[in-house]
Protein chains: 2
Amino acid sequence: MLNKTRGRPRGNPDTKARIAEVARELFLEHGYRGTTVRAIAAAAGVDSALISYHFGSKQGLFGQSLNLLCVQPGALDQALQGDQAGLADRLLTAVTALWDATAPTENRMALQDDDTMRAFRGYLESELLGRIAEFLGGPDATERATAAVGVLGGLIFTRYLNPIRPIAALPPAEVRRIFGPALRAALHARPRPR
Amino acid sequence: MLNKTRGRPRGNPDTKARIAEVARELFLEHGYRGTTVRAIAAAAGVDSALISYHFGSKQGLFGQSLNLLCVQPGALDQALQGDQAGLADRLLTAVTALWDATAPTENRMALQDDDTMRAFRGYLESELLGRIAEFLGGPDATERATAAVGVLGGLIFTRYLNPIRPIAALPPAEVRRIFGPALRAALHARPRPR
DNA sequence: GCGCAATATTCAACGGTGCTGAATAAAACC
DNA sequence: GGTTTTATTCAGCACCGTTGAATATTGCGC
């Protein structure tokens, strides 16, 4: 079908890497469902069976070609220093700086894959929530951190993962202005009335 | 293949409704991708071509059968009546009541594929955001509604779609208490300082 | 160097997918 | 009662992801 002569090719072209690279672009542009294995193979100038061979499955290729997610630990450390008053703004800045940088243009990926979701959940749950609670300290720290993670997770979800247009379109400064009050309220909520 | 004799059947069985009903169950149980048109047709005792005929496409069937419970006519309407002071609590109640009811226990809807995401996005974007902005009225209404949708979307995401444990575990009253301040802040943010 | 296992590739095919077009039979209309 | 409209089945199309066999190249043991 492609008639590049069967069998192993000459030299050692790193076809696997090329496939992953091409696949990443296509996945970002068309999403998971909208990208067929055959299209990836064609774009990489290769037979579609190769991707099953190298990556096991389309799912495997997807996971592997998008491993560049989502933590970048330094940004969070930086946000979790300084006064509590500016915490909300620093967190929002960290989030937008990090995510706005990862995807090149307009079309943020619709990230629906199971494993990716699991990874993201784990990050929110253990890393983010724990760190924020630790930083806040005092009684109710966990509860306030929970609310804050809810707000931040919401921002990430509605702006990047499943971008609803009005939110995705905001410039970072507007994000801070609009989500700031909610996040501050979450972080510094009064303790439970009794 | 099913040999129920060709052509229109006797009586007027509301096959379309039955298909939608069966489809809803299957979609909720197995997600969009995991539910094939042929499976729906088989479960409804009908030829698979019928669903293209009645609903245009699998996507159409999905949208139609999910509308039956995502919108749940009136839940939102009810929240969008009364004083503005109680709005946040009413919205949070509506969300928890609606979503807590849809899936019984652990197996929350397997929402993680991009068609479902798209449907959900559409709901958030056109329905929810528009209605809230309309209710708020005045300048900045859209911006405040945007922030509110961000918070609500975050709640839905972190509690139902990709449940991170501490948030999913909250009883509804706690959800109101924890997310209330953030949502109120979003809804009633002061206008832009100048 | 040579032989041979491991590896990388193409090709053909399989079962499954959503969907369409033709055939057909009941209902609805006039 | 004849004709149009509607609801259904059936056969099949083009595509999907994946697999197994064939084949050519590399790289290692000796």
Side-chain angles (χ1 to χ4, degrees), chain A residues 1-24 26-27 29-66 112-115, chain B residues 1-24 26-27 29-66 110 112-116 118-119:
Chain A
M1 195 170 212
L2 200 53
N3 222 3
K4 252 183 354 187
T5 73
R6 266 180 187 201
R8 187 173 185 149
R10 317 216 150 211
N12 264 346
D14 196 351
T15 315
K16 185 172 178 181
R18 187 157 41 92
I19 292 177
E21 194 176 341
V22 166
R24 194 174 124 263
L26 290 182
F27 278 140
E29 187 166 2
H30 301 117
Y32 182 82
R33 160 78 125 269
T35 307
T36 70
V37 168
R38 283 168 160 90
I40 297 170
V46 113
D47 189 276
S48 69
L50 249 204
I51 107 155
S52 280
Y53 175 74
H54 277 306
F55 302 93
S57 67
K58 182 186 182 184
Q59 200 59 236
L61 170 58
F62 181 75
Q64 199 147 328
S65 67
L66 290 169
Q112 80 297 352
D113 160 74
D114 225 8
D115 299 315
Chain B
M1 194 172 214
L2 200 53
N3 222 4
K4 253 187 346 186
T5 73
R6 268 181 185 198
R8 187 170 184 153
R10 314 219 153 213
N12 265 345
D14 196 352
T15 316
K16 185 173 177 180
R18 187 157 41 93
I19 292 176
E21 195 176 340
V22 166
R24 196 177 108 255
L26 291 182
F27 279 140
E29 187 166 3
H30 302 117
Y32 181 84
R33 164 85 117 284
T35 306
T36 70
V37 167
R38 283 168 162 89
I40 297 170
V46 112
D47 188 277
S48 71
L50 250 204
I51 108 154
S52 280
Y53 175 75
H54 278 305
F55 302 93
S57 67
K58 182 187 184 183
Q59 197 64 236
L61 170 58
F62 179 74
Q64 200 147 325
S65 67
L66 185 118
Q112 56 262 122
D113 69 78
D114 53 28
D115 299 289
T116 314
R118 198 181 319 281

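Atom set for the values below is all heavy atoms of this structure, side chains included, hydrogens, waters and symmetry mates excluded. Protein chains get the first letters and strands the later ones, always in sequence-line order, with residue 1 at the start of each.
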Report yes if at least one side-chain N or O of [X] is closer than 4.0 Å to OP1 or OP2 of [N]; otherwise report no.
X: A:His54; N: C:dT7; answer: no
X: B:Thr15; N: D:dA7; answer: no
X: A:Thr36; N: D:dC16; answer: yes
X: B:Asn12; N: C:dA28; answer: yes

Between atom [atom1] in [X] and atom [atom2] in [N], what is the gap in whole Å?
X: B:Phe55; N: D:dA7; atom1: CZ; atom2: C1'; result: 13 Å
X: A:Asp47; N: C:dA13; atom1: CG; atom2: P; result: 14 Å
X: B:Ile51; N: C:dC19; atom1: CD1; atom2: P; result: 7 Å
X: B:His30; N: C:dT17; atom1: NE2; atom2: P; result: 13 Å
X: B:Tyr53; N: D:dA7; atom1: OH; atom2: P; result: 4 Å
X: B:Arg18; N: D:dA7; atom1: CZ; atom2: C1'; result: 12 Å
X: B:Arg10; N: D:dT9; atom1: CZ; atom2: P; result: 15 Å

Q | Whichever of B:Gly11 and A:Leu50 has its nearest DNA chain C nucleotide further upstream toward 5' | A | A:Leu50
Q) Just checking B:Lys4: base, sugar-phosphate only, or nothing, at a heavy-atom cut-off of under 4.0 Å? A) sugar-phosphate
Q.
Counting the atoms with a prime plus P, OP1 and OP2 as sugar-phosphate, which does B:Ser57 contact under 4.0 Å by heavy atoms, base, sugar-phosphate, or nothing?
A. sugar-phosphate
Q: Can you figure out which of D:dT19, D:dG17, C:dT9 approaches the side chain of A:Pro13 most closely?
A: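 Nearest nucleotide to the side chain: C:dT9.
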Q: From the options C:dG18, D:dA7, C:dT20, select the nucleotide whose nearest atom is closest to the side chain of B:Pro9.
A: D:dA7
Check if the side chain of [X] and the base of [N] share a donor-acceptor pair of N or O atoms closer than 3.5 Å.
X: B:Arg38; N: C:dG16; answer: no
X: A:Arg8; N: C:dT9; answer: no
X: A:Arg6; N: C:dT10; answer: yes

[X] [atom1] to [Y] [atom2] distance, which is reported to the nearest 0.5 Å:
X: A:Arg38; Y: A:Ile51; atom1: CZ; atom2: CD1; answer: 10.5 Å
X: B:Ile40; Y: B:Leu50; atom1: CD1; atom2: CG; answer: 12.5 Å
X: A:Arg24; Y: A:Ile19; atom1: CZ; atom2: CD1; answer: 15.5 Å
X: A:Gln64; Y: A:Lys16; atom1: CD; atom2: NZ; answer: 5.0 Å

Q) More 5' along DNA chain D: A:Lys58 or B:Gly45, using each one's nearest nucleotide? A) B:Gly45
Q: Using the six-membered ring wherever Trp is involved, compare the ring planes of B:Tyr32 and B:Phe27 and label them parallel, tilted or perpendicular (cut-offs 30° and 60°).
A: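 Because their plane-to-plane angle is under 30°, the rings of B:Tyr32 and B:Phe27 count as parallel.
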